[in-house]
*Asks:* 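Sharing a structure, written as structure tokens. Questions coming.
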2 protein chains.
Amino acid sequence: MTEATRRERLRAETEREIRQAARALLVESGQDAVTLRAIARKLGITAPALYRYYDSHDALLRQLCDDICADMAAALYADLAADTSGEVGCKVRAVCHAFRRWALAHPQEFALVFASPRDPLGADQFGSVFLQLAGPLIASNQDANHVDEPVPAVLHEDLVRFQQVLRDAVAEHGVTLADEVLNLGKIYHVVQSWVRLYGHVALEVFGRFPFAVSNPEPMFDSMLDQMLADIGFAENG
Amino acid sequence: MTEATRRERLRAETEREIRQAARALLVESGQDAVTLRAIARKLGITAPALYRYYDSHDALLRQLCDDICADMAAALYADLAADTSGEVGCKVRAVCHAFRRWALAHPQEFALVFASPRDPLGADQFGSVFLQLAGPLIASNQDANHVDEPVPAVLHEDLVRFQQVLRDAVAEHGVTLADEVLNLGKIYHVVQSWVRLYGHVALEVFGRFPFAVSNPEPMFDSMLDQMLADIGFAENG
DNA sequence: CGGTTTTAGTGAACGGTGTTTACAAGAGTT
DNA sequence: AACTCTTGTAAACACCGTTCACTAAAACCG
């Protein structure tokens, strides 16, 4: 059954424990608490031993980011699947709510993954999460009544590239999109929706609204309403 | 001329040097490089001496945030004043561009002040910056043709409070606003504009757009167009 | 002026960090 | 059994925030 050698199994197990310990420290005590020595302490080993698994503290942090992204994607996907209504608008709303809920529940992780000037690279992982969610949603919204609004010509190049990325992502789900469905106007609205979704969530997580918002959820809902309307879903989807 | 004692002058000078050194370290090498020992080293003193000026490393970081906010506010205000056109739409556009430019030029400062889960408190300083800019703009836009759109009832309480904050901010500039000008619908749009402005800038600074944007400025311009239209300014203001 | 108090700064120390190096002990292989 | 590769340890280095006892000078005051 186990095709790997005994040593490989042990190594994989230790690596799993390292990630788990790092994650626990991040959640319990914040990013600064994720130290090599603290992780090693949780495993009952010494700090230098961790260098057999990761090149540096920074590399471990990067791995942690990827794990977080994967977990978040799984959580969002679960919420998406839990919405049994066929309405695509409902699904979008569900996944947006799940994103906000996740960010508020994991502010440290959110800051590390989404608001860190550290890495220009981890974007791969993040992009795949985004596409994994946006892809199916777009694929299941082929009948949306949305006209092709004109988009500034300067944006065409970037939007066409993004269009191709989205098309590929959807194709992985076995769906082929017509150009009328995935027109540039809609692509642009997808990007703009991400701007607003991210903006609201980050502002809420970091407490940077220009005044104290006593109850941010209705404001989030209100923004979603307008966002969904812009993107071509029915108001009460 | 110098009404302060010699000691007070020296103390003020040292404090100025501390802030300056901290700022330089942040810009040169990132937030993690702003250590007490590094600051002290730049001044030619020892680290414990800094405790005569700040209670802790964190307190110094807070002061740094405030300084950054003040500097940014000054820069934005300068750009705002540099726009000699009477058009309010142009002024809004100018200050938004200035904000983006500042954030891209000072990513470390931006991350520290706007995307740090650290303090729920420094918000005072930040809020005052926001109001210092938004106040005059709203005050000079009294003739905007903007109808009072309905706003979800749940938001009324918060929006009314923000309305009062804005009214006070504008009053400091010697202008009194009528309710028709500063209606709740417009207040809501101001908040939504901040969401989009912040969202775009943060995504660009942190490189978190879902695909590589080759030339983000036109996209920013495009967003501003829609934002200004929503908020009641003319398209080519 | 002389004595006292207040202040800015020092140096040593404590416990913490990431990281490197030399070394030991076990697992796997031949 | 001998050899290699892997996984861990212990010690050390340089750095960090912070505390504490202490000095030297400035400011104050009778």
Side-chain angles (χ1 to χ4, degrees), chain A residues 1-26 28-65 108 112 116 118-119, chain B residues 1-65 108 112 116-119:
Chain A
M1 171 183 176
T2 61
E3 47 190 335
T5 74
R6 176 181 127 92
R7 192 131 74 179
E8 278 168 338
R9 270 186 294 116
L10 285 180
R11 182 178 180 83
E13 173 65 17
T14 306
E15 187 165 344
R16 213 187 51 88
E17 286 181 24
I18 293 175
R19 295 187 189 193
Q20 178 182 321
R23 187 67 169 281
L25 285 166
L26 177 65
E28 292 162 8
S29 319
Q31 183 173 351
D32 291 346
V34 188
T35 70
L36 293 181
R37 285 183 158 90
I39 295 170
R41 224 172 287 133
K42 283 213 173 201
L43 299 204
I45 62 177
T46 60
L50 295 174
Y51 281 81
R52 301 291 177 190
Y53 299 87
Y54 295 94
D55 285 343
S56 68
H57 181 246
D58 204 66
L60 202 153
L61 261 276
R62 253 173 242 277
Q63 174 67 252
L64 183 54
C65 278
Q108 301 285 350
L112 185 62
S116 188
R118 114 179 12 257
D119 44 24
Chain B
M1 172 184 174
T2 62
E3 48 189 332
T5 74
R6 176 181 127 92
R7 193 129 74 176
E8 277 168 339
R9 270 186 295 115
L10 285 180
R11 182 178 179 83
E13 173 64 16
T14 305
E15 187 165 345
R16 210 185 54 88
E17 286 181 25
I18 292 175
R19 296 187 188 195
Q20 178 181 319
R23 188 67 169 277
L25 284 167
L26 176 67
V27 171
E28 292 163 9
S29 319
Q31 182 172 348
D32 291 346
V34 187
T35 70
L36 293 181
R37 284 184 158 91
I39 296 170
R41 224 173 286 133
K42 282 213 173 203
L43 300 204
I45 62 178
T46 61
L50 295 174
Y51 282 81
R52 302 287 177 192
Y53 298 86
Y54 295 96
D55 285 344
S56 69
H57 180 245
D58 204 67
L60 202 153
L61 262 269
R62 254 174 240 279
Q63 174 65 253
L64 183 54
C65 279
Q108 300 289 346
L112 182 64
S116 195
R118 105 174 22 257
D119 43 25

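In what follows, every chain begins at residue 1, and chains take the letters A, B, ... in the order their sequences are listed.
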*Asks:* Is the shortest side-chain heavy-atom distance between A/Arg19 and A/Leu64 below 4.5 Å?
*Replies:* no

*Asks:* What is the minimum heavy-atom distance between B/Leu43 and B/Ala21, and which atoms define it?
*Replies:* CD2-CB, 4.2 Å

*Asks:* Is DNA chain C part of any stem, that is, at least 3 consecutive Watson-Crick or G-U pairs with both distances under 3.5 Å, and where?
*Replies:* C:1-30 with D:1-30

*Asks:* Between the protein and nucleotides 5-8 of chain D, are there any N/O to N/O pairs under 3.5 Å, and if so, what are the atom names and distances?
*Replies:*
from  : atom 1 : to      : atom 2 : distance (Å)
D/dT7 : OP1    : A/Arg11 : NH1    : 3.3
D/dT7 : OP2    : A/Arg11 : NH1    : 2.7
D/dG8 : OP2    : A/Tyr53 : OH     : 2.6
D/dG8 : N7     : A/Arg52 : NE     : 3.1
D/dG8 : N7     : A/Arg52 : NH2    : 3.4
D/dG8 : O6     : A/Arg52 : NH2    : 2.3

*Asks:* How many Å lie between CG on B/Leu50 and P on D/dG17, as a whole number?
*Replies:* 9 Å

*Asks:* Run the salt-bridge test on B/Arg11 and B/Glu8 with the 4.0 Å N-O cut-off and return the result as yes or no.
*Replies:* no

*Asks:* Toward the 5' end of DNA chain D, which comes first, B/Leu36 or A/Pro48, by nearest nucleotide?
*Replies:* A/Pro48

*Asks:* Specify the separation, in whole Å, of atom CG of B/Leu61 and atom C1' of D/dG17.
*Replies:* 12 Å

*Asks:* Rounded to whole angstroms, how far apart are CD1 on B/Ile39 and C1' on C/dG9?
*Replies:* 16 Å

*Asks:* Is the shortest side-chain N to carboxylate O distance from B/Arg9 to B/Glu13 below 4.0 Å?
*Replies:* no

*Asks:* Quick one: the side chain of A/Arg37 and the base of C/dG18, do they pair up donor-acceptor inside 3.5 Å?
*Replies:* yes

*Asks:* Are B/Ile39 and B/Leu60 close enough that some pair of their side-chain heavy atoms sits under 4.5 Å apart?
*Replies:* yes

*Asks:* Quick one: do B/Gln31 and B/Leu61 satisfy side-chain contact (heavy atoms from CB on, under 4.5 Å)? Show the steps, please.
*Replies:* CA-CA 9 Å; B/Gln31 182 172 348; B/Leu61 262 269; 4.0 Å; yes

*Asks:* Considering heavy-atom distances to DNA chain C, does A/Arg41 or A/Asp55 have its closest nucleotide positioned more toward the 5' end?
*Replies:* A/Arg41

*Asks:* Report yes if the side chains of B/Leu36 and B/Tyr54 come closer than 4.5 Å at any heavy-atom pair, otherwise no.
*Replies:* no

*Asks:* Take the protein atom CD of A/Glu8 and the nucleotide atom P of C/dA27, then report the distance between them rounded to whole Å.
*Replies:* 16 Å

*Asks:* If you take all heavy atoms of B/Leu112 and B/Cys65, which pair is closest and at what distance?
*Replies:* CG-SG, 3.6 Å

*Asks:* Taking the side chain as every heavy atom from C-beta outward, state whether B/Lys42 and B/Leu25 have any atom pair closer than 4.5 Å.
*Replies:* yes

*Asks:* Could you state the CG-C1' distance from B/Leu25 to D/dC16, rounded to the nearest angstrom?
*Replies:* 14 Å

*Asks:* Given D/dT19, is OP1 or OP2 found less than 4.0 Å from the side-chain N or O atoms of B/Tyr51?
*Replies:* no

*Asks:* Roughly, in whole Å, what's the span from CG in A/Asp32 to C1' in D/dC16?
*Replies:* 12 Å

*Asks:* Rounding to an integer number of Å, can you tell me how far B/His57 NE2 sits from C/dG15 P?
*Replies:* 22 Å

